[in-house]
Amino acid sequence: VQLQASGGGLVQGGDSLRLSCVGSGRTFNTYAIGWFRQAPGEKREFVAAHNWNGNGTYYAEAVKGRFTISRDNGRNTVWLQMTSLKPGDTAVYYCAAGRFISAEFMGTMSPEAAINFWGEGTQVTVSS
């Protein structure tokens with residue numbers, strides 16, 4: 001499956017932003033889809049994921065209560081709604097797909113074990 005992320009931009013602290021990840025192909029609904037981010041000089045870190053089946057989700061502690069992940073398999077799309085953004089959220093955000101795994105697996109295992117495909121990143125910059 002190919003993934004295309006979009007929706008990044010420059011916002012002020014406290015603002016909201018919604019990222020989109022659109023997938024190709026007819027097997028999109030067999031993949032858990034998640035978001036990772038990488039700030040300059042930092043390792044890529046997990047943000048949020050959505051199960052491939054059902055509505056289960058999993059979040060990093062740093063974004064719980066502020067970010068919400070949702071998906072529409074009919075549109076091959078996953079969204080990440082980000083609210084109360086902070087300068088520390090500044091990073092390149094990547095969407096990723098892992099086949100037949102849970103959101104929690106994606107969030108707790110190494111990317112090498114969980115991720116089959118990565119999308120291109122989208123830059124999110126939050127000014128103070």
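For the numbers below, each heavy atom of this structure counts, side chains included, while hydrogens, waters and symmetry mates do not. Remember, it's a predicted structure, so these values are computed and weren't measured experimentally.
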Answer with yes or no whether the hydrophobic clustering places V11 together with V63; edges join I, L, V, M, F, W, Y residues whose side-chain heavy atoms lie under 4.5 Å apart.
-> yes
Pairwise side-chain contact, F28 with L3, heavy-atom cut-off 4.5 Å (strictly under) | yes
Ring geometry between Y93 and F67 (parallel below 30°, tilted from 30 to 60°, perpendicular above 60°) = tilted
From S128 OG over to K86 NZ, what is the distance, rounded to the nearest 0.5 angstrom?
-> 14.0 Å
Considering all heavy atoms of both residues, which atom of T122 and which atom of A5 are nearest to each other, and what is their separation?
-> CG2-CB, 4.3 Å
Check for a donor-acceptor pair, side chain of N29 on one end and backbone N or O of N73 on the other, with a separation under 3.5 Å.
-> no
Are V22 and I33 grouped together when hydrophobic residues (ILVMFWY) are joined by side-chain heavy atoms under 4.5 angstrom apart?
-> no
What one should report as the nearest heavy-atom pair of N76 and S24 is ND2-C, 4.0 Å
Ignoring hydrogens and geometry, is there a side-chain-to-backbone donor-acceptor pair from Y59 to I69 under 3.5 Å?
-> yes
To the nearest 0.5 angstrom, please state how far the CD atom of Q4 sits from the OG atom of S20.
-> 10.5 Å
Applying side-chain hydrogen bond (donor to acceptor under 3.5 Å, both in side chains) to Q123 and not counting sequence neighbours gives T125
Contact check, side chains of V126 and M82, non-hydrogen atoms, under 4.5 Å = no
Straight-line distance of R18 CZ to S70 OG, nearest 0.5 Å = 7.0 Å
What heavy-atom pair brings I101 and W52 nearest, and what distance separates the two atoms?
-> O-CD1, 3.2 Å
Compare all side-chain heavy atoms of D89 with those of R37 and state whether any distance is below 4.5 angstrom.
-> yes
Identify the two heavy atoms, one from A103 and one from G56, that lie closest to each other, and give their separation to 0.1 Å.
-> CB-O, 4.1 Å
Check the hydrophobic clustering (I, L, V, M, F, W, Y; side-chain heavy atoms under 4.5 Å; chains of links allowed) and say if I115 and F105 are grouped together.
-> yes
Look at the side chain of T27 and the backbone N and O of T30, then say whether any donor-acceptor pair between them is shorter than 3.5 Å.
-> no
To the nearest 0.5 Å, what is the distance between CG (L17) and CG (L19)?
-> 5.5 Å
Has D72 got more than 12 heavy atoms of other residues, nucleotides or ligands less than 6.0 Å from its CG?
-> yes
Would you say the side-chain atoms of T83 pair up with the backbone N or O of S16, donor to acceptor, closer than 3.5 Å?
-> no
Neighbour count above 12 (heavy atom, 6.0 Å) for Q2 CD | no
CE of M106 to CZ of F46: how many Å apart, nearest 0.5 Å?
-> 7.5 Å
Single-linkage hydrophobic cluster, 4.5 Å side-chain cutoff, F117 and W35 together | yes
Whether F36 and W118 hold their rings parallel, tilted or perpendicular, with breakpoints at 30° and 60° | perpendicular
Of the non-hydrogen atoms in R66 and L85, which two are nearest, and what is the gap between them?
-> NH1-CA, 3.9 Å
Looking only at atom types and distance, does a side-chain atom of R71 sit under 3.5 Å from a main-chain N or O of N51, one as donor and one as acceptor?
-> yes
Rounded to the nearest 0.5 Å, what's the gap from SG on C21 to CD on E120? Could you check?
-> 11.5 Å
Looking at A113 and M109, what are the two nearest heavy atoms and their distance?
-> CB-CB, 4.4 Å
Common cluster, V47/Y94, ILVMFWY with side-chain heavy-atom separation under 4.5 Å = no
